[in-house]
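So the structure is just underneath, and the comments pick up after that.
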Amino acid sequence: MTALLDSAPGYRAGRTLPLRVEAVRQLKRRRTVVMGAILAVLPFVLIAAFAIGGDRDDGPDNRITLMDTATASAANFAATCLFVSAGFLLVIPVALFCGDTVASEAGWSSLRYLLAAPVPRARLLWSKLVVALAFSAAAMVLLPLVALAAGAVAYGWGPLRLPTGGSLPAADSLGRLGIAVAFVFVSQLVTAGLAFWLSTRTDAPLGAVGGAVGLTIVGNVLDAVTALGDWRDFLPAHWQYAWVDALQPQLEWGGMVKGAAVSSAYALVLFALAFRGFARKDIVS
């Protein structure tokens, strides 16, 4: 069959299901608009919460935390938004975009028609995975960008006040925040891999998305079990806040490198399982 398709005039497997077409399809989905709206509104909700609750000068035992410096500048506010959302809220768009992409086609009974177009299975998965990861990355960037803009209006543009003492110039703080956002995205690749793999195994998008979120929560729970000792180093959740090291007077890479390595390793295995299983799957929907 493949040989016949390759010999067909004008047929090129690499031109089927272009990334642009897939991106436009996903952009028009209601869940994409809703997720974007939630992320864009969150900074304004936090600004209102700080206005109602008032400022705090320091945390327990006179320790300064990110929350205590949230209103110091736009950069501090963006860092705080990232801190409060990285553990759970930013998991949702990654699981949604990666878990819904293939399973929704199966749920709509359109998956077999896409493959009969014909779109090679590897090409279909590749297009959907690239677009899903691109939308996930966009979600990671949207939140701090809106937070910077809203924070600049509410608290002014100034240096990033560091919880450990001292501050970073506003220009340098943007680079540090960029590193933090990049690490958060890499740390979420495990969730992306789980969601994408489950999406190729089920016809129920909610099952794929919920399964990925649920397993991510299990990882967070296991990381809280201190009795596991050094075994927690192999849990992606153990490193999810390593990006805070970017908000130090001297940039520390150790934790972020370890966390990125663990997350990427798990993600590569899960992506490989998704492609391998889908290549052999009997598509009936």
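Grouping the Ile, Leu, Val, Met, Phe, Trp and Tyr side chains by contacts below 4.5 angstrom, directly or via other members, places V41 apart from L148. A continuous path of Ile, Leu, Val, Met, Phe, Trp and Tyr side chains, each step under 4.5 Å between heavy atoms, connects V225 with V262, placing both in one hydrophobic cluster. Hydrophobic clustering of Ile, Leu, Val, Met, Phe, Trp and Tyr side chains at less than 4.5 Å, counting indirect connections, keeps V33 apart from L96. No single ILVMFWY cluster, assembled from side-chain heavy atoms under 4.5 Å apart, contains both L268 and W197. Linking Ile, Leu, Val, Met, Phe, Trp and Tyr whenever their side-chain heavy atoms come within less than 4.5 Å leaves V45 and F83 in two separate clusters.
Taken from CG in L133 to CZ in F97, the straight-line distance is 11.5 Å, to the nearest 0.5 Å. Between the CG atom of L39 and the CG atom of L90 there is a distance of 6.5 Å, given to the nearest 0.5 Å. F278 CZ to L125 CG: the interatomic distance, rounded to the nearest 0.5 Å, is 5.0 Å. How far CG of D233 is from NE2 of H238: 4.5 Å, rounded to the nearest 0.5 Å. Here OG of S173 is found 7.0 Å from CG of L168. Values are rounded to the nearest 0.5 Å. The distance from atom OG1 of T191 to atom OH of Y266, rounded to the nearest 0.5 Å, is 12.5 Å.
Taking the side chain as every heavy atom from C-beta outward, I47 and Y155 approach each other to under 4.5 Å. L251 is not listed as a side-chain neighbour of D245, based on a closest heavy-atom distance of 4.5 Å or more. Looking at R30 and M35, their side chains never come closer than 4.5 Å, going by heavy atoms from C-beta outward. Put simply, the side chain of T226 reaches to within 4.5 Å of the side chain of R232, judged on heavy atoms. Within the 4.5 Å cutoff, the side chain of P43 has heavy atoms near those of the C81 side chain. Side-chain contact check for Q240 versus L235: every heavy-atom pair is 4.5 Å or farther apart. Side-chain contact between W243 and V181: absent, with no pair of heavy atoms (C-beta onward) separated by less than 4.5 Å. W126 is not listed as a side-chain neighbour of L124, based on a closest heavy-atom distance of 4.5 Å or more.
Judged purely by atom type and a 3.5 angstrom limit, T202 has no side-chain atom pairing as donor or acceptor with the backbone of A208. Judged purely by atom type and a 3.5 angstrom limit, S263 has no side-chain atom pairing as donor or acceptor with the backbone of G259. At distances below 3.5 Å, at least one donor-acceptor pair connects side-chain atoms of S127 with backbone N or O atoms of R123.
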N76 vs T71, side-chain contact (heavy atoms from CB on, under 4.5 Å): CA-CA, chis, key distance, verdict:
CA-CA 7 Å; N76 280 97; T71 60; over 6 Å; no

Working note: W239 + D223, criterion side-chain contact (heavy atoms from CB on, under 4.5 Å); need CA distance, chi angles, decisive distance, verdict.
CA-CA 10 Å; W239 305 100; D223 183 57; over 6 Å; no

Under the criterion side-chain contact (heavy atoms from CB on, under 4.5 Å), I'd like the reasoning laid out for L129 against F275: C-alpha separation, chi angles, the key distance, then a yes or no.
CA-CA 10 Å; L129 177 59; F275 276 84; 4.0 Å; yes

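Under the side chain to side chain contact (heavy atoms under 4.5 Å, CB included) test applied with C98, the options P93, S199, S136 reduce to a single match, S136. Remark: of the listed residues V102, L270, V94, V102 is the sole one forming a side chain to side chain contact (heavy atoms under 4.5 Å, CB included) with F196. When each of I92, L143, L46 is tested with S85 by the rule side chain to side chain contact (heavy atoms under 4.5 Å, CB included), just one qualifies, namely L143.
When every heavy atom of T80 is checked against every heavy atom of A70, the shortest pair comes out as OG1-CB, 3.3 Å. In this structure, W157 and A152 approach most closely via the heavy-atom pair CE3-CB, 4.1 Å. Considering every non-hydrogen atom in both A23 and V131, the closest pair reads CA-CG1, 3.8 Å.
Atom CZ of R176 has more than 12 neighbouring heavy atoms from other residues, nucleotides or ligands inside a 6.0 Å radius. More than 12 non-hydrogen atoms from other residues, nucleotides or ligands lie less than 6.0 angstrom from CG of L222.
Salt-bridge formation is detected for the pair D100/R31: a Lys NZ or Arg NE/NH1/NH2 atom is positioned less than 4.0 Å from an Asp or Glu carboxylate oxygen.
F77 and F50 have perpendicular rings, their planes meeting at more than 60° on a 0 to 90° scale where under 30° would count as parallel.
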